[in-house]
2 protein chains.
Amino acid sequence: MPHDDVHPVSLTCGDCPIRHRAVCARCDVDEIEELEDIKYYRSFEAGQTVVWAGDKMDFVASVVSGIATLTQTLEDGRTQMVGLLLPSDFVGRPGRSGAAYNVTATTNILMCCFRKKPFEEMMERTPHIAQRLLQMTLDELDAAREWMLLLGRKTAREKIASLLSIVARRDAPINHAAQTSEVTFDLPLTREAMADYLGLTLETVSRQISALKRDGVIVLEGKRHVSVPDMDRLLMEAGDDSDGGFLI
Amino acid sequence: MPHDDVHPVSLTCGDCPIRHRAVCARCDVDEIEELEDIKYYRSFEAGQTVVWAGDKMDFVASVVSGIATLTQTLEDGRTQMVGLLLPSDFVGRPGRSGAAYNVTATTNILMCCFRKKPFEEMMERTPHIAQRLLQMTLDELDAAREWMLLLGRKTAREKIASLLSIVARRDAPINHAAQTSEVTFDLPLTREAMADYLGLTLETVSRQISALKRDGVIVLEGKRHVSVPDMDRLLMEAGDDSDGGFLI
DNA sequence: GTTTCGTCTTGATCTGTGTCAATTTCTCAC
DNA sequence: GTGAGAAATTGACACAGATCAAGACGAAAC
């Protein structure tokens with residue numbers, strides 16, 4: 001099972017050393033034998049849709065590797081991303097059968113799925129699971145609300161800077177922990193996906209990235225690889241107070 | 001205790017006839033005697049701040065009467081509302097000590113508070129509570145994400161129409177249930193608060209309301225009282241598909 | 001190597017919403 | 001009733017970001 005360095009704690013085994021937001025594959029196998037028959041793996045290729053909004057979704061899942069997005073759309077095609085699923089993130093809603101959003105793989109992705117009915121039954125029997133899910137959901141709610149501030153009140157430049165600092169934090173936690181002021185990472189999203197996340201057009205995204213590059217806030221190698229010489233400067237551009245919170 | 005017609009089901013007594021999202025005052029007294037000593041009431045006047053973002057918040061609470069808002073701000077004063085608390089709504093976060101947002105009373109308000117520590121202990125002992133809180137939090141997350149679509153992609157006119165149809169739904173459920181196509185309600189918010197909710201300026205809010213009035217979508221009596229002659233028309237203006245979801 | 005196709009950048013122009021400012025309308029105290 | 005302050009409306013103008021359009025770049029196929 002693909003499960004290299006990352007070892008996120010499972011919902012179902014709360015005393016793993018590393019705390020993370022996930023239902024974890026390996027962990028479950030070790031600890032909860034009954035999960036064996038309600039769990040299965042599915043992989044999707046970049047660009048594939050995992051579920052459409054409104055479709056029946058009879059599982060919950062956690063991302064093992066790759067990246068997926070949650071999006072909502074209006075009839076005329078305007079789309080807004082409302083969530084970004086990175087490895088170890090959880091998706092699905094116990095207690096509701098229909099999916100509320102489109103879930104799309106932006107890279108090749110492997111998901112660890114749990115059939116919903118048995119998962120819910122397990123939740124009934126194991127209070128710890130509901131409590132853990134509650135914590136995770138509250139975290140996501142905070143992230144969503146932080147995102148509302150971004151969508152409603154930030155300028156295009158601030159939006160881009162915010163997104164970059166969030167990706168920097170999630171994508172390069174090692175750099176960050178080491179207090180290196182130079183941080184480096186790959187953008188996991190196309191310009192269009194960034195635009196959908198930020199409530200902008202892809203042209204504006206491109207222009208603002210160019211502007212940040214011109215002003216020395218970031219350094220680009222190719223289109224996707226980003227270096228941030230001074231993380232504090234980027235955070236300042238993002239307009240957040242102090243440590244910028246806990247987005248995504 | 002002020003608890004007139006509304007009788008929302010409590011987190012702590014799950015088999016009340018009417019299902020609603022709340023920790024309910026009367027209900028608790030009837031059913032859970034041990035709650036008596038962890039529960040107390042607080043009232044605030046219109047305009048008063050209940051808690052500031054970052055302050056210690058040693059209670060969770062439910063709104064008994066009145067309206068409060070959750071807001072976030074940037075250093076330079078730009079503010080974005082991220083939640084609207086109507087009677088029976090729950091506020092506070094088990095498992096975290098600091099408040100994440102400013103909570104402000106927009107009308108006189110009465111809140112039923114529970115000291116956090118004992119509430120959390122009760123959650124430990126009573127699995128049902130965590131499950132109920134999880135449902136509520138998932139609902140709020142859905143609402144927040146619907147709101148992200150509004151903030152990121154809707155026009156000013158669509159934003160106003162969306163807000164009006166949401167208030168109509170929550171404020172005049174009787175009208176709506178009766179299938180009367182004419183719906184009537186009072187706006188519980190100032191133009192400025194509406195602007196903060198919608199990511200607009202108060203001038204734009206005012207202009208768009210005037211435009212909707214001019215176009216016959218709504219009828220105003222005074223500044224706050226709204227009649228909607230044709231609810232379907234309003235929903236169309238809001239740009240939502242079919243039934244518009246489950247905002248706020 | 002060349003071609004092709006998707007992604008990205010950049011330019012020119014347009015427009016929706018913000019900004020600034022002047023009135024008007026409400027509400028409530030007196 | 002009158003006056004004062006808050007809330008809301010309306011107008012004129014500016015500008016950030018959208019739209020439309022043309023190219024540049026990069027990766028994969030041949």
Side-chain angles (χ1 to χ4, degrees), chain A residues 45-48 74 76-80 106-108 150-164 186-215 218-226 237 239, chain B residues 45-48 67 69 74 76-80 106-108 150-164 186-215 218-226 237 239:
Chain A
E45 289 177 19
Q48 256 190 306
L74 298 168
D76 62 7
R78 284 174 284 175
T79 92
Q80 174 67 49
T106 58
T107 65
N108 292 346
L150 177 146
L151 290 170
R153 295 303 188 191
K154 287 191 178 178
T155 65
R157 174 183 263 242
E158 288 170 333
K159 287 179 176 181
I160 297 289
S162 298
L163 178 56
L164 291 177
D186 282 306
L187 280 173
L189 301 172
T190 65
R191 299 293 186 259
E192 186 181 23
M194 294 174 69
D196 284 344
Y197 210 157
L198 300 171
L200 298 170
T201 59
L202 69 91
E203 292 95 329
T204 299
V205 169
S206 182
R207 271 186 256 271
Q208 294 297 335
I209 288 180
S210 298
L212 288 174
K213 186 171 115 190
R214 187 162 50 247
D215 298 347
I218 59 173
V219 178
L220 283 183
E221 292 166 42
K223 306 297 183 184
R224 297 294 194 88
H225 193 77
V226 180
E237 292 280 357
Chain B
E45 289 177 20
Q48 257 191 306
I67 294 176
T69 63
L74 298 168
D76 61 8
R78 283 175 285 175
T79 93
Q80 174 67 48
T106 57
T107 64
N108 291 345
L150 176 145
L151 290 170
R153 294 303 188 192
K154 287 190 180 179
T155 65
R157 173 182 262 244
E158 288 169 334
K159 287 179 177 182
I160 298 288
S162 298
L163 179 55
L164 291 177
D186 282 306
L187 281 173
L189 300 172
T190 65
R191 300 292 187 260
E192 187 182 23
M194 293 174 69
D196 284 344
Y197 209 157
L198 300 172
L200 298 170
T201 61
L202 70 90
E203 292 95 330
T204 299
V205 169
S206 182
R207 272 187 255 271
Q208 295 298 334
I209 288 180
S210 298
L212 289 174
K213 187 170 114 190
R214 188 162 48 248
D215 299 348
I218 58 173
V219 178
L220 283 184
E221 292 166 42
K223 306 298 185 187
R224 298 292 195 88
H225 193 78
V226 180
E237 292 281 356

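This one's a predicted model, so the numbers in the text were calculated from it and none came from an experiment. Lettering of chains follows the sequences in order, A, B, ..., and the numbering in each one begins at 1.
In this structure, the side chains of B:Leu202 and B:Met194 stay at 4.5 Å or more apart for every pair of heavy atoms. Side chains of B:Arg153 and A:Asp196 form a contact here, defined as non-hydrogen atoms less than 4.5 Å apart. Proximity of A:Ile209 to A:Ile218: side-chain heavy atoms (C-beta onward) are separated by under 4.5 Å at one or more points. The shortest distance between side-chain heavy atoms of A:Lys154 and A:Leu198 does not fall below 4.5 Å.
Heavy atoms of B:Gly47 sit nowhere under 4.0 angstrom from any nucleic acid atom. Within the nucleic acid shown, B:Ser210 comes within 4.0 Å of sugar-phosphate atoms alone, with no base atom in reach, counting heavy atoms only.
Nucleotide C:dT27 holds its P atom 11 Å from the CG atom of B:Asp186, rounded to whole Å. As a whole-Å value, the separation of A:His225 NE2 from C:dT7 P is 21 Å. At whole-Å resolution of the value, CG in B:Leu212 and P in D:dT9 are 12 Å apart. One interatomic measurement links the two molecules: CZ of A:Arg153 to C1' of C:dT17, which rounds to 12 Å at whole-angstrom precision. For A:Leu220 and C:dC8, the CG to P distance is 11 Å, given to the nearest whole Å. Nucleotide C:dG18 holds its C1' atom 13 Å from the CZ atom of B:Arg78, rounded to whole Å. Note: CD (B:Glu158) to P (C:dG16) measures 12 Å, nearest angstrom. The NZ atom of A:Lys223 sits 20 Å away from the P atom of C:dC5 (whole-angstrom rounding).
Nearer to the 5' terminus of DNA chain D, by closest-nucleotide assignment, is the contact made by A:Val205 (compared with the other of A:Gly222 and A:Val205). Map B:Thr190 and A:Arg157 each onto its nearest nucleotide of DNA chain D; the residue landing nearer the 5' end is B:Thr190.
Considering only side-chain N and O atoms, A:Thr204 lies under 4.0 angstrom from the phosphate OP1 or OP2 of D:dA18.
Closest to the B:Arg191 side chain, of the nucleotides C:dT17, D:dG17, D:dT9, is D:dT9. When the nucleotides D:dA8, C:dC8, C:dT17 are ranked by their closest atom to the side chain of B:Ser206, D:dA8 comes out on top. Taking only side-chain atoms of A:Leu202, from C-beta outward, the nucleotide of D:dA18, C:dT9, C:dG18 with the closest atom is C:dT9. Nearest to the side chain of B:Ala156, among D:dG17, C:dT17, D:dT9, sits C:dT17.
Between the side chain of A:Arg207 and the base of C:dG11 there is at least one donor-acceptor pair of N/O atoms closer than 3.5 Å. Interface remark: the A:Arg224 side chain does not form any donor-acceptor pair with the D:dG26 base, using a distance-only criterion of under 3.5 Å. Between the base of C:dC8 and the side chain of A:Glu203 there is no donor-acceptor pair shorter than 3.5 Å.
Counting non-hydrogen atoms of other residues, nucleotides and ligands closer than 6.0 Å to CD of B:Gln48 gives a total above 12.
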